[in-house]
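Input: a single structure, listed below in structure tokens.
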There are 2 protein chains.
Amino acid sequence: MPSRAPRKQAPAPRPVVARMRRNGRPRGATAASRIYADLRAELVSLVRRPGEPISETQIATAYGVSRTPVREAILKLSDEGLVEIFPQSGIFVSRIPVATLPETIIIRKSLEETTARMAAEHATSSQLLNLHATLERQREACAAKDREAFHQADEMFHAGIAEVAGYPGIWKLILQVKVHVDRYRRLTLPQIGRMSEVIAEHEPILAAIERRNPDAAGAAMASHLERLLDDISEIQTLNPEYFDQPT
Amino acid sequence: MPSRAPRKQAPAPRPVVARMRRNGRPRGATAASRIYADLRAELVSLVRRPGEPISETQIATAYGVSRTPVREAILKLSDEGLVEIFPQSGIFVSRIPVATLPETIIIRKSLEETTARMAAEHATSSQLLNLHATLERQREACAAKDREAFHQADEMFHAGIAEVAGYPGIWKLILQVKVHVDRYRRLTLPQIGRMSEVIAEHEPILAAIERRNPDAAGAAMASHLERLLDDISEIQTLNPEYFDQPT
DNA sequence: TTTCCTCAATTGATATACTAATATATGAAT
DNA sequence: ATTCATATATTAGTATATCAATTGAGGAAA
């Protein structure tokens with residue numbers, strides 16, 4: 001029996017206000033979150049291949065922890081659609097759901113057309129200079145044929161536009177949505193020639209934002225992302241086991 | 001020592017194909033998923049009020065299960081932003097992040113402008129009849145002043161348009177994004193007068209889709225959702241403890 | 001009264017253990 | 001060889017246990 005009254009029970013006529021938030025650290029460096037981040041990186045980079053089984057216990061021993069935090073990480077990845085859990089059977093890296101990729105790109109196009117528009121309406125000079133700097137970094141990566149840096153600058157460019165628009169949460173949503181497209185594209189690695197095309201498409205977007213022309217900015221962004229739709233639907237034949245077949 | 005070779009180990013030169021998927025039931029009726037669904041309903045319906053503490057053990061005993069499945073449900077809700085976990089402190093129903101609501105509505109507007117456009121391009125006669133039926137159901141609910149049925153028909157109308165567009169996943173994404181707006185609007189209950197306005201705004205959307213006019217359909221949808229932006233920013237003052245203050 | 005200190009209780013995070021279901025390898029039967 | 005049955009190991013799901021961090025009430029000190 002508790003010698004003291006329990007700290008907080010619901011029965012009262014609605015405490016409602018409740019306690020104010022305490023420490024400002026909402027769940028940072030737990031074992032689960034570290035494992036989640038690691039696994040996610042391995043999944044998007046295709047270090048773990050679609051269809052491959054994943055063993056909770058194996059990962060747990062590898063990290064020197066119990067199954068519990070590993071399971072927490074896996075469940076989160078399952079929500080994101082990166083792994084599939086089959087009860088009493090096993091966990092597997094999800095195959096790439098080819099059928100849903102076009103819809104994903106449509107979503108991205110729709111959202112980024114909006115951010116480009118809003119960016120053209122709200123951009124400050126310093127923000128424009130930052131975007132120019134990012135684009136220049138991308139040109140350097142292109143010249144150096146550094147695919148990793150190029151991709152990183154590419155994401156920064158798009159994220160930067162969302163931030164200039166005043167809606168950084170839109171880019172967070174896009175990140176969540178485009179994960180399967182990223183896995184798909186990782187399989188179509190070569191595309192060195194694409195890098196300069198991408199830059200050539202980024203330039204008019206930034207130019208339109210600079211001209212404060214929302215319509216042009218949105219249109220340029222839309223046509224840039226429409227190229228993505230063309231890119232997919234090429235290499236489905238090789239490595240068919242990585243894809244979720246239309247049956 | 002295992003008397004038999006382990007079933008599957010990674011070391012081999014990449015098994016790759018792995019096992020085909022077995023039973024088609026990817027995680028259905030676990031205790032965790034039932035608790036998750038229940039809790040989520042309680043959160044969006046504001047049965048559990050923003051700021052209120054949530055006790056894992058209390059829920060566990062209420063369901064007659066251990067803390068483990070409860071924790072799985074809570075973690076998922078935490079990812080969705082419906083609850084906040086403060087380490088070694090407690091779990092609390094998240095306050096409504098008022099500052100992010102406009103962005104959420106912008107996202108929805110952007111995506112649904114797209115679905116309306118695409119619906120106008122692809123709608124078949126039977127699909128149009130279904131949309132008319134849904135709209136009629138909404139009129140009936142309005143006449144009966146049945147708010148719950150009205151809201152249900154409203155969601156069906158929007159979901160139906162996404163489906164006609166050929167991108168039902170867009171509606172699923174919207175559902176995920178608009179949860180805080182729903183909680184907010186639940187606080188502004190009255191709005192009986194709004195019901196007929198909503199119907200009056202739905203009609204031109206459907207009419208434009210019927211006329212196969214993507215531009216008009218997108219514009220009608222956009223202006224419909226812009227009304228949402230006006231609706232918020234009204235009742236922040238009453239019940240301030242439910243909102244995440246801009247400090 | 002106000003401030004500080006102490007301490008029991010609760011909590012989130014993790015560890016360990018158990019169970020029912022399932023898949024697969026092995027061996028038997030055809 | 002091919003099919004079928006059986007046994008065994010692995011698994012997801014859940015239960016229970018441990019621990020350090022934090023809270024907040026009560027009492028001591030000012």
Side-chain angles (χ1 to χ4, degrees), chain A residues 1-10 15 17-36 51-79 83-92, chain B residues 1-10 12 15 17-36 52-79 83-92:
Chain A
M1 175 182 309
S3 62
R4 206 174 299 273
R7 194 160 46 135
K8 188 75 103 175
Q9 291 283 56
V17 159
R19 296 169 279 191
M20 265 302 129
R21 67 180 29 148
R22 48 239 70 229
N23 60 47
R25 163 178 40 96
R27 229 159 170 271
T30 76
S33 60
R34 185 158 24 91
I35 294 170
Y36 163 78
E52 209 178 289
I54 296 180
S55 164
E56 280 185 0
T57 46
Q58 181 183 307
I59 294 172
T61 55
Y63 277 88
V65 299
S66 79
R67 268 182 58 207
T68 310
V70 176
R71 184 163 175 75
E72 180 180 330
I74 297 266
L75 285 170
K76 196 164 168 182
L77 293 167
S78 167
D79 289 337
V83 306
E84 284 177 297
I85 302 176
F86 294 92
Q88 273 73 41
S89 174
I91 302 169
F92 301 85
Chain B
M1 173 182 311
S3 61
R4 206 174 298 277
R7 192 160 46 135
K8 186 72 101 175
Q9 290 283 55
V17 159
R19 297 169 276 191
M20 264 304 127
R21 67 180 30 149
R22 49 240 68 229
N23 62 45
R25 164 178 41 95
R27 217 150 184 280
T30 76
S33 60
R34 184 156 25 90
I35 294 169
Y36 163 78
E52 210 178 288
I54 296 180
S55 163
E56 281 185 359
T57 46
Q58 180 183 308
I59 294 171
T61 54
Y63 277 87
V65 299
S66 78
R67 276 179 55 201
T68 309
V70 176
R71 184 164 175 74
E72 178 180 330
I74 296 269
L75 284 169
K76 197 164 169 183
L77 292 168
S78 167
D79 289 338
V83 306
E84 285 178 296
I85 302 175
F86 294 93
Q88 271 71 42
S89 173
I91 303 170
F92 301 85

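Letters A, B, ... mirror the listed sequences (proteins, then strands); counts begin at 1.
- The phosphate of dT11(D) has OP1 or OP2 within less than 4.0 Å of a side-chain N or O from S55(A).
- Distance CD1 (I91(A)) to P (dA23(C)): 15 Å, rounded to an integer number of Å.
- Side-chain N/O atoms of T57(B) include none lying less than 4.0 angstrom from OP1 or OP2 on dT10(C).
- Note: E56(A) CD to I35(A) CD1 = 10.5 Å, rounded to the nearest 0.5 Å.
- Atom CD of E72(B) and atom C1' of dT14(D) are 10 Å apart (whole Å).
- One distance of note links CD of E52(B) with CD1 of I91(B); it measures 13.0 Å at 0.5 Å rounding.
- Between the CD atom of Q58(B) and the C1' atom of dT10(C) there is a distance of 13 Å, given to the nearest Å.
- A residue-by-residue look at T68(B) and E56(B) shows that E56(B) has its nearest nucleotide of DNA chain C further toward the 5' end.
- In this structure, I74(B) CD1 and R67(B) CZ are separated by 10.5 Å, a value rounded to the nearest 0.5 Å.
- Taking a 4.0 Å limit (strictly below) on heavy-atom distances, residues 60-67 of chain B reaches DNA chain D at V65(B), S66(B), R67(B).
- I85(B) contributes atom CD1, which lies 10.0 Å from atom OG1 of T30(A) (distance to the nearest 0.5 angstrom).
- Closest approach to the A31(A) side chain among dT14(C), dT14(D), dG12(C) is made by dT14(C) (side chain taken as heavy atoms from C-beta onward).
- Interatomic distance, I59(B) CD1 to R71(B) CZ, rounded to the nearest 0.5 Å: 12.5 Å.
- Between the P atom of dT11(C) and the CD atom of E84(B) lies a distance of 18 Å, rounded to the nearest Å.
- Closest approach of A32(B) to P69(B), counting heavy atoms only: CB-O, 3.7 Å.
- Put simply, CD1 on I85(B) is 16 Å from P on dT22(D), counting in whole angstrom units.
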